[in-house]
Protein chains: 2
Amino acid sequence: MITLSEENYLKAIYHLGKQGVAAVSTNAIAEKIESKASSVTDMVKKLADKNLANYVKYQGVSLTNEGRLAAALVIRKHRLWEVFLVEKLNFSWDEVHDVAEQLEHIKSLKLVNELDAFLGFPTHDPHGDPIPDKDGKYAPNKSVNILDLEIGSEGILSLVKDSSDVFLKYLNKNNLALGDVIKVLEFEPFDDSVTIQTKERQIIISKEVAKNLYLSL
Amino acid sequence: MITLSEENYLKAIYHLGKQGVAAVSTNAIAEKIESKASSVTDMVKKLADKNLANYVKYQGVSLTNEGRLAAALVIRKHRLWEVFLVEKLNFSWDEVHDVAEQLEHIKSLKLVNELDAFLGFPTHDPHGDPIPDKDGKYAPNKSVNILDLEIGSEGILSLVKDSSDVFLKYLNKNNLALGDVIKVLEFEPFDDSVTIQTKERQIIISKEVAKNLYLSL
DNA sequence: ATTTATTTTTAGTCTTGCCTAAAAAAATAT
DNA sequence: ATATTTTTTTAGGCAAGACTAAAAATAAAT
Ligand SMILES: [Mn+2]
Ligand SMILES: [Mn+2]
Ligand SMILES: [Mn+2]
Ligand SMILES: [Mn+2]
């Protein structure tokens, strides 16, 4: 049995490990999970005992296949619940995360798979993140960051990397939503801000904002 | 903030207190919650500190208004989730309880109220138990136990008191479901068994079974 | 190659929620 | 009325998961 706390650590390691890093550092986990390094050391030993993580003192952590699958299944639940909340219960995309953080720990294989079917087997959550299948697999992401595009290129907003409610509320305020067609008009060298064309008008977005917007072409 | 464990104790005290008892005993709570009397004593002190329960040493426990509302809201969530699982996710009534035991602890006022609306404001759960409203109130139950009926009386099966999966599976096997029309044909004095007429046939049910079946007339 | 700074681990403590065993109180039986 | 049984509480402890402070290891800088 994997505890709620263990699931949260697995998720953190999974996300941090995705950046192509071989081993995740104790401090990085502590920061992500908003705890202290000493707590992480304790937990990481437990995960290693349970064959969920590989851990060598002073050399960071990685997930075993078993740990990676467990993490992916938690993320699968998180994202399916987010879809449920938005599609069925009138939540907006900036309200779902905290509730999904709770719902992702509900243990019932039947529940998650029936929920998946009920929602029509969605492939992405309300923020554009992919939903892993029963085996923890998902199609590789093809969208590209706005800052990596050429001037004049056009695409559909299909992923926002930051899902914090403050960022999502900024997007709401500026009438930006997943699925919108966006065209890159200009890069400003001074502050790396970007002028983009949205459906109804053109706006300037800061580098910090641009970093979090991904388009599919 | 009420913890998961506290919520379970509140629920237990609420259910035990419903039988018109003034104060609930330590042992009764321990049995219901499958723990030990000493653990109950500890927790009951905490509930009293938080103004959720009235507790006098050696004299049992009762809920304060605040505690009763908190308990009713947990039960509200439990029963709404049970409806969701049966109505939307193809669970059968004998599969929902354990999952609902987990889901009832999810904290989000918006979630429970939107779920309520999504389900069409159901008044009863899949076992016939009433669903409390936002204020913890529900209409008094009018159904009557089979053992309290006259021979020849007929009614609709509208509440099963035992929601354990073993009992519900017995009902499934014998083709008995909520909403069925049932007629009382005979009481057997020897073992208090009852002969009833269901939609398709007549069967003899034991006293233990009859005790858990309630009809509305 | 040392010294200094940073990261990580260990040691010890705290809280929550549970337990067993013993003591105390209340209820029941003689 | 006293003795016995049952119930409840107290005392002491354990495991999980967190923390702080100190020690040890590693990395960076001189
Ligand atoms: Mn989220
Ligand atoms: Mn998301
Ligand atoms: Mn139930
Ligand atoms: Mn029920």
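- The phosphate of D:dT8 has neither OP1 nor OP2 within less than 4.0 Å of any side-chain N or O from B:Lys36.
- Per the geometry, CD1 belonging to A:Ile2 stands 17 Å off C1' belonging to D:dG17, to the nearest Å.
- As rounded to whole Å, 14 Å separates atom P of C:dT7 from atom CD1 of A:Ile29.
- Of the possible polar contacts, one joining the A:Glu6 side chain to the A:Thr3 backbone as a donor-acceptor pair under 3.5 Å is found.
- Looking at heavy-atom distances under 4.0 Å, B:Ser5 makes contact with sugar-phosphate atoms alone, never a base.
- Distances shorter than 4.0 Å separate some side-chain N or O of A:Asn27 from OP1 or OP2 on C:dT8.
- The backbone N or O of B:Ala37 sits nowhere less than 3.5 Å from a side-chain atom of B:Thr26 that would complete a donor-acceptor pair.
- Contact check, A:Ser25 against C:dT7: no side-chain N or O comes under 4.0 Å of OP1 or OP2.
- Note on A:Lys45: every side-chain N or O is 4.0 Å or more away from OP1 and OP2 of C:dT9.
- Whole-Å rounding puts the A:Asn8 CG to D:dA16 C1' distance at 14 Å.
- Within 4.0 Å (heavy atoms only), A:Ser38 reaches at least one base atom of the nucleic acid.
- With hydrogens and angles disregarded, a donor-acceptor distance shorter than 3.5 Å links the side chain of A:Arg76 to the backbone of A:Pro132.
- As judged by a 4.0 angstrom heavy-atom cut-off over every strand, A:Thr41 is placed among the base-contacting residues.
- Look at CG on B:Asp42: it is 15 Å from P on D:dG13, rounded to the nearest Å.
- When only modelled atom types and interatomic distance are considered, A:Asn141 and A:Ser143 share a side-chain donor-acceptor pair under 3.5 Å.
- Per the geometry, CG belonging to B:Asp49 stands 14 Å off P belonging to C:dT15, to the nearest Å.
- A straight line from CD of A:Glu34 to C1' of D:dC19 spans 15 Å, rounded to a whole angstrom.
- Between the side chain of A:Asn145 and the backbone N or O of A:Ala210, at least one donor-acceptor pair lies under 3.5 Å.
- Residues A:Leu4 and B:Ala28 both approach DNA chain D. Their nearest nucleotides, taken by heavy-atom distance, put B:Ala28 toward the 5′ side.
- For the residue pair A:Asn51 and A:Thr64, no side-chain donor N or O sits within less than 3.5 Å of a side-chain acceptor on the partner.
- The ring of A:His97 has its center closer than 6.0 angstrom to the ring center of A:His78.
- The aromatic ring centres of A:Phe84 and B:Phe84 sit less than 6.0 Å apart.
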Nucleotide N/O of nucleotides 25-27 of chain C paired with protein N/O under 3.5 Å:
unit_1 : atom_1 : unit_2  : atom_2 : d
C:dA25 : O4'    : B:Tyr58 : OH     : 3.4

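- Applying the 4.0 Å criterion to OP1 and OP2 of C:dT16, one finds that B:Tyr9 has every side-chain N and O outside that range.
- An OP1 or OP2 oxygen of D:dT9 is reached within less than 4.0 angstrom by a side-chain nitrogen or oxygen of B:Thr26.
- The distance between atom CG of B:Leu10 and atom P of C:dG17, rounded to the nearest whole Å, is 12 Å.
- Considering only the side chain of A:Lys46, D:dA16 comes nearest among C:dT9, D:dA16, D:dA18.
- A:Met43 places its CE atom 17 Å from the C1' atom of C:dT10, with the value rounded to the nearest Å.
- Within the nucleic acid shown, B:Ser39 comes within 4.0 Å of at least one base atom, counting heavy atoms only.
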